Protein chains: 2
Amino acid sequence: MRGQKEKLTIKQVAEAAGVARSSVSRAFTRPEMLSPETVRRVLHAAEKLGYVPNQTARALSTGRHGNVALIVPDIANPFFPPLIRAAQMEADRSDFCVFLGNSDEDPKQEDKLVGRFVGQVEGLILASSRLSDERIRAHAAQRPLVLINRDVEGIPRVLIDSGSGVREAVAHLAELGHQHIVYVAGPVTSWSNKQRRLAVRKSAERLGLKVDIVPAIVPSYDAGREAVTAIMTTGATAAIAFDDLTAQGILAGLADRKINVPSQFGVIGCDDVLGAATYPSLTTVSNRSVEAGKAALSLLVELLQSQSARDIRYVLDTHLVVRNTTIVHKE
Amino acid sequence: MRGQKEKLTIKQVAEAAGVARSSVSRAFTRPEMLSPETVRRVLHAAEKLGYVPNQTARALSTGRHGNVALIVPDIANPFFPPLIRAAQMEADRSDFCVFLGNSDEDPKQEDKLVGRFVGQVEGLILASSRLSDERIRAHAAQRPLVLINRDVEGIPRVLIDSGSGVREAVAHLAELGHQHIVYVAGPVTSWSNKQRRLAVRKSAERLGLKVDIVPAIVPSYDAGREAVTAIMTTGATAAIAFDDLTAQGILAGLADRKINVPSQFGVIGCDDVLGAATYPSLTTVSNRSVEAGKAALSLLVELLQSQSARDIRYVLDTHLVVRNTTIVHKE
DNA sequence: CTGTTAGCGCATTCAC
DNA sequence: GTGAATGCGCTAACAG
């Protein structure tokens with residue numbers, strides 16, 4: 001009933017095909033070294049027996065296991081799943097398997113995960129790492145490592161530059177006649193938050209807009225909703241939020257107060273993770289997480305193949321996506 | 001500059017500690033077999049050299065790699081990330097690493113992923129598998145396998161029973177005076193959809209409500225929004241949607257038509273993946289994906305340890321979460 | 001308790 | 001082209 005689970009090794013195949021074990025091995029890894037006839041015979045026998053090469057043994061022998069690790073701070077943050085998915089698909093194209101780690105925003109946990117993975121992977125990707133530069137460098141010294149949204153010199157990294165999109169956002173608000181806006185900030189330790197805050201500041205200054213900063217600390221729906229009180233006391237007529245979740249909370253807080261969007265107040269998010277699913281649909285800054293995931297993975301694969309070690313810094317720019325929280329806009 | 005990366009094996013540690021290689025091995029895996037003194041010496045030497053056991057070699061020798069695989073149809077569907085996260089954390093507790101696979105709703109891809117993973121894992125978890133029963137059984141014959149939201153007899157499975165919550169939803173609507181409701185259906189191949197549809201049907205019947213079915217086919221915001229036309233022509237006064245995304249779309253469609261929720265029309269979602277982030281906040285059926293992920297993983301670990309093979313069917317029930325799309329309700 | 005030995009399954013020199 | 005032999009790093013009997 002249970003089917004034969006007798007260990008199938010290269011040996012049984014060799015016997016069945018009437019060749020040496022090494023030929024079986026070659027048939028799988030370097031068929032061009034064998035006569036077509038031999039290859040055919042081996043493959044046929046293997047197929048019939050249901051043989052499949054033991055990945056572990058192969059890894060021990062060659063030193064390459066065909067695995068990579070991807071660690072993110074929070075899978076449940078909608079920013080990451082598309083990134084993970086893209087990385088996954090790219091890995092698939094190169095026959096790599098990916099270990100996924102969730103650090104839970106905790107540097108210690110992230111360190112632990114790296115340790116656990118490092119023995120079984122050829123390289124790793126750290127997305128929005130919470131590790132210190134030192135730890136990152138230390139790990140990078142062990143294995144090829146690429147960073148996403150973390151700018152550490154000397155370590156290959158892919159960065160999503162939200163600055164460009166945010167500048168467009170400010171210009172958009174200026175065009176609509178807003179003269180006083182507020183930036184609802186995210187985590188102070190976030191590289192992206194810093195970028196965004198600076199971009200708002202600078203372009204507002206250049207365009208002659210007044211700008212206030214309201215902290216939301218943790219980027220979430222609730223934080224956004226609670227920030228509305230502070231936002232309204234500034235007297236601003238529009239807000240740019242650290243991310244879409246925060247913006248969504250702001251929308252809810254505004255609705256609670258019967259403040260109409262966009263006619264009475266304009267709102268702009270960041271990362272475009274909600275699509276058009278808010279009401280009104282959210283004007284936001286585009287998200288490049290898919291490209292980032294894909295780029296990071298292919299960069300890693302490239303690094304793995306050609307041991308090139310030049311300093312790589314891959315930047316993806318963003319742009320404004322105008323929907324209905326800043327202007328009545330057809331869809 | 002680059003630090004010494006000379007391969008550190010058990011051998012160097014053995015020499016440094018002045019013991020046999022097997023003692024080094026034991027110090028790491030079965031310290032209780034050694035004198036405390038020896039253990040200390042070995043560990044000290046290992047620490048000093050920066051030695052860390054080679055997982056691959058260990059796996060080849062023991063047959064256990066300490067890895068499991070988790071395959072989901074779509075990481076980007078908000079239902080899965082919390083499940084993945086929970087599984088991850090549970091795996092961590094048992095020192096397992098998890099390979100994550102995204103089948104992209106494609107059985108072929110799912111099969112391919114299983115094949116790629118199976119050589120490096122001790123067991124796998126298939127969440128909402130799109131594979132045929134046969135394929136699932138075939139894979140289960142190779143390796144311990146547990147299913148989530150898929151009911152195949154003989155294969156250990158954990159099921160989220162949305163029936164209980166849906167029955168509460170129907171009762172809730174009946175209490176509010178609704179006499180004619182509609183169920184906005186999801187994918188026909190979905191086990192969960194079937195459950196939900198039946199539960200709506202049966203309890204509506206029992207309570208004397210009229211019920212119509214409107215298909216949304218693919219569960220998404222857009223599908224929900226488009227379904228509103230069909231929903232309104234039925235003359236119903238409330239809708240239960242296959243999932244929260246669909247419900248959210250319905251909310252938007254209703255808003256487009258200036259139909260007030262909940263005073264003119266009631267809406268209930270399923271899975272509670274949006275939290276209170278819709279406006280009005282969505283009444284929905286609770287989600288047990290976190291427990292499901294956790295249970296599946298610990299079940300798998302248990303299976304791995306004690307080769308018990310009894311038929312396990314773990315069911316998680318759900319309940320209604322009342323928010324503001326059915327009744328004006330304080331938060 | 002600890003050292004010695006023999007594989008785990010495969011890739012890879014070498015000869016033939 | 002193909003076969004025989006060696007070793008990847010570690011664990012698991014088996015002795016002592």
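Just so we're clear, the structure is a prediction, and the values are computed from it rather than from any experiment. Proteins get letters first, then strands, A, B, ... in listed order; numbering begins at 1 in each.
- Proximity of a side-chain donor or acceptor of B:Arg157 to a complementary backbone N or O of B:Ile155 within less than 3.5 Å is detected.
- D:dT11 atom P lies 14 Å from atom NE2 of B:His65, rounded to whole Å.
- Qualifying side-chain contact (heavy atoms from CB on, under 4.5 Å) partners for A:Pro156, counting only residues two or more places apart in sequence or in other chains: A:Val146, A:Leu299, A:Leu303, A:Ile312.
- One can place CG of B:Leu34 at 13 Å from P of D:dT11, the figure rounded to the nearest angstrom.
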Protein proximity profile, nucleotides 8-16 of chain C - base contact B, sugar-phosphate-only contact S, no contact -, cut-off 4.0 Å on heavy atoms
BBBBBB---
For B:Ile136 and B:Ser129: C-alpha separation, side-chain torsions, deciding distance, then whether side-chain contact (heavy atoms from CB on, under 4.5 Å) applies.
CA-CA 9 Å; B:Ile136 289 179; B:Ser129 176; 3.8 Å; yes
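- The only option from A:Leu147, A:Leu126, A:Val152, A:Ile71 that meets the side chain to side chain contact (heavy atoms under 4.5 Å, CB included) definition with A:Leu131 turns out to be A:Leu126.
- Here the side chain of B:Asn149 pairs no donor or acceptor atom with the backbone of B:Leu159 at under 3.5 angstrom.
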